[in-house]
Each structure stands twice: as structure tokens, then as C-alpha cells.
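For reference, the structure is listed below as C-alpha cells.
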Amino acid sequence: MSEAYLPFFKYILLQLFVGIVGLNAVREKKIGYSVLLKSWIFGQMLLFAVLQFLAVPLVFSRCRFDVLFWSYLGVCIILFAFGCWRLRCKKIRIRKLNLSPLALSLLIIVILLILWQACNYFFGIHLDQDDARFIAQANDALEYGRMYIVDVETGEFVGNYQAARDITSPWSMMLAIVSKILLTKPVIFAHTVFPPIELFVVYGIYWLIGRELFRNIESQLSVVFLAIVVNLFFTVSVYTQSTFTLIRIWQGKASVAAVIVPMFVYLFVCINKRNQQSINLWIMIIATGCAACLMSGAGIPLSFVAIATMGFYNVIAYRQWKRIPMWLASMTVPLGSGMLYLFLKGSI
Amino acid sequence: MEAFVNEVIMAYGNWRFLMLTAVLLTVGLVFLKGYKKSFVVPALILAAVILNPVFYNLWYKFNDRSYWRMMWMVPIIPVCVIVPGYFIEKSRKDIVKVGVLMLTTAVMIFCGSFIYDEGREVFAAANNPEKLPDDVVAVGEALLELDENPTVVSDASISVYLRQYSAKIRSPYSRSVSYGTPSANAAIIYGHLENGSFLNLAEKMLNYDYDFLVTRNDGERGDAIQEAGFELLNQVNSYGIYRVHGHGTEVRTYNDEHQVTSVTTIDAEGKPTNGNTWYATIHYGYDEYGRINHEYRTDAEGNGVTYNVHYNIRGSGYTSIMDVRGRTLVQYFLDENGNVKQNGTTKRVCTYSGNKLTQESYYDQNDNLINSGRSGYATIENKYNSESELSLSYYYDALGNYVECGSSFFHQYLLSLTNRNAVIFLSVNDDAAGSMTGTLVEDMKALGLQTDLRGQYRSSYYAVITEDNVLEEISEEAVEQSGIIDGLEYYISSAGNKAGKYSSIIVNGEEYSKNVRGINIVVVEEGIVRDSIAFDTCIPEMTVTR
């Protein structure tokens, strides 16, 4: 297990980079705990979205993995530079929290429970045969520089993608890119490094939902606590989102269930509650839609239905006709990805 | 509606969480002031959009699986955390807040089941950072020490994980043998490994270019493996790593793009050898997208060799033109010198709908349609069912006349047998599964047969169909049956590829089976043998023997 410690700590350090990238999508001038969290989560969504925009055409045109890697890194560095520049315009105000005994107890319980779940991921092994596909693809990209042009079962070079979802949802390339940055193997990154950190993202989103809806810190922490409890027990079948969240979050479809679904809830709660034309929130909806498409073929229709339904509701319920262009724009990527998927699959 | 309800139950395991969400949404509609418009109503709408049979039916119009993934968008978790959160927000006393939390937790426990319950064995303690079975990591390491790019045949318990360990390891199959549909070659290789037919396995590994075998080798199994000519190189826990004996050394050449341009088998002196095949070298060419579009085989002397490049079309290789989606548009067949053939069938032209091959035609050097194959066809038209599976193929000659072969003809023949007051005998010689389609299986079911021959590669099979009874048997061993029906004395037997390759249908002491590869059929009506025919369902052409 010791081989995983160094990549794990490097990945934690990398989250600073992600947080600074996220500042590009955060409007608040003062940076406190919640803004830090928000910018970290927004940063992750932005980076996933950028990867989707770059990877789809490059995989489709059968470019080498290195072309994707270096172009992605270049864009990330530009976003990071913009984030640093934005950081100069913001004031960091990290204050000591004055918590009631109940809030403090809840905070400690919540942290312990998340750490417990994260430790299960870090020290535990859960075997899932779905990995035979996309971790093998990440391995091939890293070891041979090829993107989806081998038979993933056999390793035979076929020169063409095997499944339409390989092009529209190149999640394996995310595993390959981060593994290359961390100088580790995709299988170690996917199974050991990524899941514990991603769990904090998941519960971070629930914290943001609580914070958006409630003023009282105890209520906000209750939201996170109850989300942990639901996840622990809403596992009555292998198909629930909680099962995917706590057992195999490294898989693209599981990340859709664990991260994307609450993220959409958070973003639309923000838009509904604030009832103001907030460009950065709509940009985050677009980015989250892209991230969903990147993660899994399931993320394409799921994000489309989520944006179409909740966006339509927002426009109608609040009679904010000016939001229609942003609503339509936010559906473009899932719709385009869906059309491309059906086209490549031969259905249209 | 029933299918929709079944999928909902499958996804949620039980109704409790769904009912809890419904109750909490109702509570939200009544009590959650200030949150109805921003959260409760949109949550309700989203749940209603996804959880309804109309959306379910729409989903399966465009998709063939996994509606349950859409159910993740039903806001069960947000509702379960926000509605209790509201009451905590509104209460002033800590005891009430704690009470709400404890009550909600108790309800969750009642509704669900604990994920880390020991009985579920979700997580086990990991001994390696890859989180793969320890045997797989040890085998992977050992293989990469033996060879930089090992080609490996292994037990399913290993093969699923090997390429997660490293993409440098090549294998004929991975997950498909335990979940999915393996390629024909993979199915054969895995079949031999599973059945312990190590001599056959060695032959196939040599044919398909696999060097190493990784398998459990306890007891007599280990002896059988070595007797079949495998050399034990390493023992990793309960798995033996073997090299298939007698495998010639291969020399590969590469181009600037690191693509393999030729693979040559050499002997101990370093000279090209045909070994136990008829060629020594395969030459490859690539198109601008890096896809193999040219293949040409030469023997140890460097002369081009001919073989069945495409079913019955002989040549030394082929060169193809593919579109950007990797679909072969034109395939030119090569002569012994590696040039495009100038006589006989020189090219094959394909047309598609999406990724589905809808038509293929064969031409001579003057671009005229030419009859090919044993049945003499020039054009094949493929029809697909609503699930995009190939259902029937229609064959036409160069003049456009329908040729009695292919799945369409077999389909017509099977239809002609339904509702006839006849005794029908079916017996398989060698293999009948190779080109069976779902449509043909349905036709056979209409005759009263229960066996689905798809996937039953090289199995023995017979069936005796009468008006009110059906006898059938399928096995890897030879099968036989005899009896008397309406004064008709019969004996029927079948042997698949592994059991001796023969078919016999004896009626009143006389042999009527055509005894050729595929399904041999004899039809007896009113005590008279009306027809004896065979369809070679092993190949798409389904050559008819009458």
C-alpha cells in the first residue's frame, strides 16, 4: 500500500491548483470556508468540462494521447493563471468558527464519518468487472499513447473506436492524464487515490446545498450528516446512487450519480432561490453538463433531462424570459453529445 | 407498465425510500414555507418527469438499456436531507434538533440496509495499491519479467484483471467470457481451457499467436497441462505460468509510427520458417488513421501464399479502403505477387446504414458483378431487426436472381415446415451455431424446439419433431436417439466438432442424412421421405446441400 501514499499526497496538493482554477467561476469577493469549498468544487467541474471539450475532437480524430495531455495541461495552466490573477482581487478572510456544542459535535461526527468512508476506499478493495474496460483503456493511453483504438479486451490494435461512448464520454482519459501527472498507474489512481478525495467533493456539495438553503450552521451540518446516513443505508439494491457513491465512485457512471446529481440540485437551488440573472451559475451548469458527458454515456441523457426540466421550471416559475438563451445554451453540450453518440452508434 | 414497475423495483430494491420521499415531498408542500418554489416543486416535477411510463417507453426507443441510471435524478437524497433540515432550522431547542436527527436516522435505517454489513462483503482489506487480487498482481509482474509484451491465455479469474494491471499484456479475452459475448476465437480458446482440452488449447494458442498460459494447476490438471506440451516457467501461488511448447520465435518489424509492419516466425538458426502453418510472414500496411488496411502473407522463401482471404475467395491478402468511421468500403484481393488480382473475384464493395453492413457485392477486374462462393452469389443484402441485430441475409447472383442460400432461404424453409403433419428430423454435423441468427432461432421455436443454438459452438444436437411431441438433445459429446413413430423406425445421431463430426438419420433402415457440416434435415410425411436437405449454418452463406 505504501506505493499509494506519495501519489495520494500529490493529489491532495493538486487540489490547491483545482481550487485556484475554480476561482474563475466564483463571484464572491471575500474568501471564507464556503467560498474555498465552492471554488474547489467549481474548479473540478471546470477542469472536467475543459477535458470534455478537448478530448472528444482529439479522440475522434485519432490523435495521440500526448497531444491531448499537453493541450489539456496548457489550458489548465492558463485557467490557473487567471485564477491567480483573480485571487489578487479577492480578500481572504478565514475566521475562527464559533460553533455551538451541538454544531461542534455534528462537525466532528460528520468529519469522522466521511473519513471512515474515505478510509474504506483507501484501505479496502472492491472488485468490479466494469473496470476491465476503462482502466485498461487508460493503461493503453499511458503505455502506448493510443486513445480508444485498440480492442480493449485483447489489446489488439484495431485503429478505430469500438463503442460510441468511448468518443462521447472519454472518462478513461481523465484517469490517464491525472495518473501521468501523479507519476502513478491508472489502476492505483482510480482505485486508491481518487475515491477518498472525491467523497469530500460529494459531501462538500451537500454542505453547499445546506448553506444555500439554511442560515443556521446546525441545519447546514445536518444536511451533510443526513446525506452520509442516507448513503450508508440507501443501498437496498446495487443500482442506487448511494451504492455507486460508496462502492465504486472511480467509475464514470458512479461519479455521475455521486457528484453530478447533487451538483445540479445545488446549482438550480441557487438559481431558484436567488432569482437573479447569474451568468456564473449558468456557466457552472454548462460545465457540470460537460462533466456529466465526460464521465459516462449515462451522464448525457441525465444532464440533458436535468437541465431541460429544471431550467424550464425556472424560466416559467419565475417568468424570467431573459434566461431562455442561457437555458438553451446549457443544453447544447448534452444534446450535441447525445446526437454524436447516436450518430456514431449508427442509430441515426 | 409492468416492465416499468419491475425496473423501478429493481432499481430501488424496495418501495420504502420511494415512499419516504413521497411522504417528505408532501410534508414539504404543506409545511416548507419559503422553500416550495425553490426546491419542493422542482423536486416533485423532476421526480414526475423521470418516474413515469411515458418517459420509460421514450427512453427505450432511443436506448437499449439502463433506464435505472436515470432514476438517480429522482431527488431522493436531497429530499431526505432538506426536509428534515428545514425542521432543524426552524426549531430553537437543541433537544428537538437532536430528536429530528435521530428520528430521521432511525427511519433511514428502517428503510434501507447497511452498506458495510459484513455479509455483503463490499470491501475486503487491500494488500496492494492497485486493489486487484493479489494473484493478478503477482502474475502480472511475473509475466512482464518473462516478456515485454506477453500474449496470455488465462483463467477468467485472472483475465478480467490482467489488462487493468498493464496494457502491455495481451489476451484473447477479458471480461467477455464471464459477462458478455466473446469473439469466436476467444470462445474456442476459453472453451478448451475450461474443458481441460489442453492439446486443443496448445494448437489454438499456436495458431492465434499466444505464448503464455496462466491457469490453476493443482493435482491432475497440472500433469495434463504438461503432457500437452506446455513448459512450466513459474508458479505464482496456485497459478502456473506456462509457455506453449514448440512455439517458434517471432521477429517483428516496425515503421516510424511504431506500428508492426511484419511478423516473421524464425527457427533456431534465425531463418524464416513456416512451422506448422503454410506461411512464415504476415506483412501489414496502415492507412492515414493508423488502421490496418493491408495484409499479405508470404512463405519461408518469400513467395506469396494463397488462402481463403474472405470465405471462398482465395488470395495472398487484401488491401482495403476505409472511411473515417473505420467501415470497409472496398476490399481488393491480392494475387500471389501481392498485386490486386486480375482474374476471378477481384474486389468486394460494401454499403452501410450507420454501422450496419446492408449490402456487399463482388466484382471482377472489369467491374462487372461476379458470382462467388459455393452457391454462386454476387450480392448480399442484409436486413436488421429493431434491435439492430442481423436478422436475415438475401443472396442474389450477378443477374439479380435470388439464390437459394443464406439465412433468408433457411428462414423460408423453416416456415414451410410449420403446421405440417410431418415427422421432421434435425441432426448437426460439426457445427450449426456459427451463423445462427435470432430470427432463425425464433423459426425453430415455432416448430416446437426449445434449444437456442446461438453460442452452442461446435456442439452435437439432434431433434425429432412430430405433431404432438418434440425430442431434442444438445451436448458436447455425441448424441443419438432411436424409436418408432407411427410405424416409422428411426435412428438419429449427431456429433459436433469435438465429438467426431458426423450426422446420421436412418429411417426404416435407410440413411437419409446428407452428413455435411451444419443442420441436416429429413422430412417424412405419410410414411414417405419427402425431403433430405442440409444447411451449413456454420457460415453466413448457409450453403444448401440437397
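Chain naming here is simple, since letters A, B, ... match the order of the sequence lines and numbering starts at 1 in each. Atom set for the values below is all heavy atoms of this structure, side chains included, hydrogens, waters and symmetry mates excluded.
Only the side chain of B/K97 comes within less than 4.5 Å of a heavy atom in chain A; its backbone stays farther off. At a 4.5 Å heavy-atom cutoff, B/D287 makes no contact with chain A through either its backbone or its side chain. Only the side chain of B/F17 comes within less than 4.5 Å of a heavy atom of chain A; its backbone N, CA, C and O stay farther away. Within the 4.5 angstrom heavy-atom criterion, only side-chain atoms of B/Y161, from C-beta onward, approach chain A. In this structure, no portion of B/Y352 lies under 4.5 Å from any heavy atom of chain A. Looking at B/L132, both its backbone and its side chain come within 4.5 Å of chain A, counting heavy atoms on both sides. Interface remark: B/P75 contributes no atoms to any contact with chain A (heavy atom separation under 4.5 Å). Of the atoms belonging to B/V74, it is backbone heavy atoms, and not side-chain ones, that fall under 4.5 Å from chain A. Contact annotation for A/F225: only side-chain heavy atoms (C-beta onward) come within less than 4.5 Å of a heavy atom of chain B. Both the backbone and the side chain of B/M10 come within contact range of chain A, each with at least one heavy atom under 4.5 Å from a heavy atom of that chain. For B/F87, no part sits under 4.5 Å from any heavy atom of chain A, backbone or side chain. With a threshold of 4.5 angstrom between heavy atoms, A/D130 approaches chain B through its backbone and through its side chain. Interface residue B/C80: backbone and side-chain heavy atoms are both found under 4.5 Å from chain A. Heavy atoms closer than 4.5 Å to chain B are found in the side chain of A/F264, but not in its backbone. Both the backbone and the side chain of B/V160 come within contact range of chain A, with heavy atoms under 4.5 Å apart. For A/Y144, the part lying under 4.5 angstrom from a heavy atom of chain B is the side chain only.
What you find for B/P84 and A/L226 is that their closest heavy atoms are CB-CD1, 3.7 Å. The nearest pair of heavy atoms linking A/T154 to B/P172 is CG2-O, 3.3 Å. Contact detail for B/G85 and A/S219: the closest heavy-atom pair is O-CB, 3.9 Å. The minimum heavy-atom distance between B/P133 and A/L127, with the atom names listed, is CD-CD2, 3.5 Å. Taking every heavy atom of both residues into account, A/A298 and B/R69 meet most closely at CB-CD, 3.5 Å.
Taking the six-membered ring for Trp and thresholds of 30 and 60 degrees, B/F114 and A/F233 have ring planes inclined between 30 and 60 degrees apart.
Side-chain N/O atoms of B/S166 and A/E143 include a donor and acceptor closer than 3.5 Å.
Note: A/F304 and B/W59 fail the aromatic proximity criterion, with ring centroids not under 6.0 Å apart. Ring pair B/Y35/A/F214: centre-to-centre distance below 6.0 Å.
Counting heavy-atom pairs closer than 4.5 Å to chain A, the top-ranked of the candidates B/I50, B/T104, B/T151, B/V41 is B/V41. The residue among B/N128, B/I292, B/I82 with the most heavy atom pairs within less than 4.5 Å of chain A is B/I82. Of the listed residues B/I109, B/N14, B/I169, the one with more heavy-atom pairs under 4.5 angstrom with chain A than any other is B/I109. With chain A as the partner, the residue from B/R16, B/R163, B/R170 showing the most heavy-atom pairs under 4.5 Å is B/R163.
Remark: A/F268 CZ to B/F39 CZ distance equals 14.0 Å, nearest 0.5 Å. To the nearest 0.5 angstrom, B/I77 atom CD1 is 11.5 Å from A/I228 atom CD1. The distance from atom CD1 of B/I115 to atom CZ of A/F234, rounded to the nearest 0.5 Å, is 11.5 Å. Here the CD atom belonging to B/Q164 is positioned 9.0 Å from the CG atom belonging to A/D128, to the nearest 0.5 angstrom. If you take NZ on A/K273 and OG on B/S38, they are separated by 6.5 Å, rounding to the nearest 0.5 Å. Expressed to the nearest 0.5 Å, how far OG of A/S222 lies from CD1 of B/I88 amounts to 3.5 Å.
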| Stepwise, does the side chain to side chain contact (heavy atoms under 4.5 Å, CB included) test hold for B/E130 with A/H191? | CA-CA 7 Å; B/E130 287 90 353; A/H191 288 163; 5.6 Å; no
| query | Where do A/L246 and B/Y116 land on the side chain to side chain contact (heavy atoms under 4.5 Å, CB included) test, with the steps shown first? | reply | CA-CA 9 Å; A/L246 292 190; B/Y116 299 131; 4.1 Å; yes
| request: Please lay out, stage by stage, how A/L213 and B/E89 fare under the test side chain to side chain contact (heavy atoms under 4.5 Å, CB included). | output: CA-CA 10 Å; A/L213 289 172; B/E89 173 85 352; over 6 Å; no
| query | Should B/S113 and A/T235 be marked as a side chain to side chain contact (heavy atoms under 4.5 Å, CB included) after you check the CA-CA gap, both sets of side-chain angles, and the distance that decides it? | reply | CA-CA 6 Å; B/S113 60; A/T235 54; 4.0 Å; yes
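No side-chain heavy atom of A/Y313 sits less than 4.5 Å from a side-chain heavy atom of B/L46. Residues A/I209 and B/V81 have side chains not in contact (no heavy-atom distance under 4.5 Å, counting atoms from C-beta outward).
Between the side chain of B/K37 and the backbone N or O of A/A317 there is at least one donor-acceptor pair closer than 3.5 Å. Remark: the backbone N or O of A/L102 is not paired with any side-chain donor or acceptor of B/D94 at under 3.5 angstrom. A distance-only check finds no donor-acceptor pair linking the side chain of A/D140 to the backbone of B/A167 [under 3.5 Å]. In this structure a side-chain-to-backbone donor-acceptor pair under 3.5 Å is missing from B/R175 to A/E153. Using a distance-only test at 3.5 Å, with no hydrogens or angles considered, no donor-acceptor pair links the side chain of A/T240 to the main chain of B/Y12. A distance-only check finds a donor-acceptor pair linking the side chain of B/W72 to the backbone of A/Y239 [under 3.5 Å].
In this structure, B/K131 forms no cation-pi arrangement with A/F123, as its terminal cationic atom is not both closer than 6.0 Å to the ring centre and no more than 45° off the ring axis.
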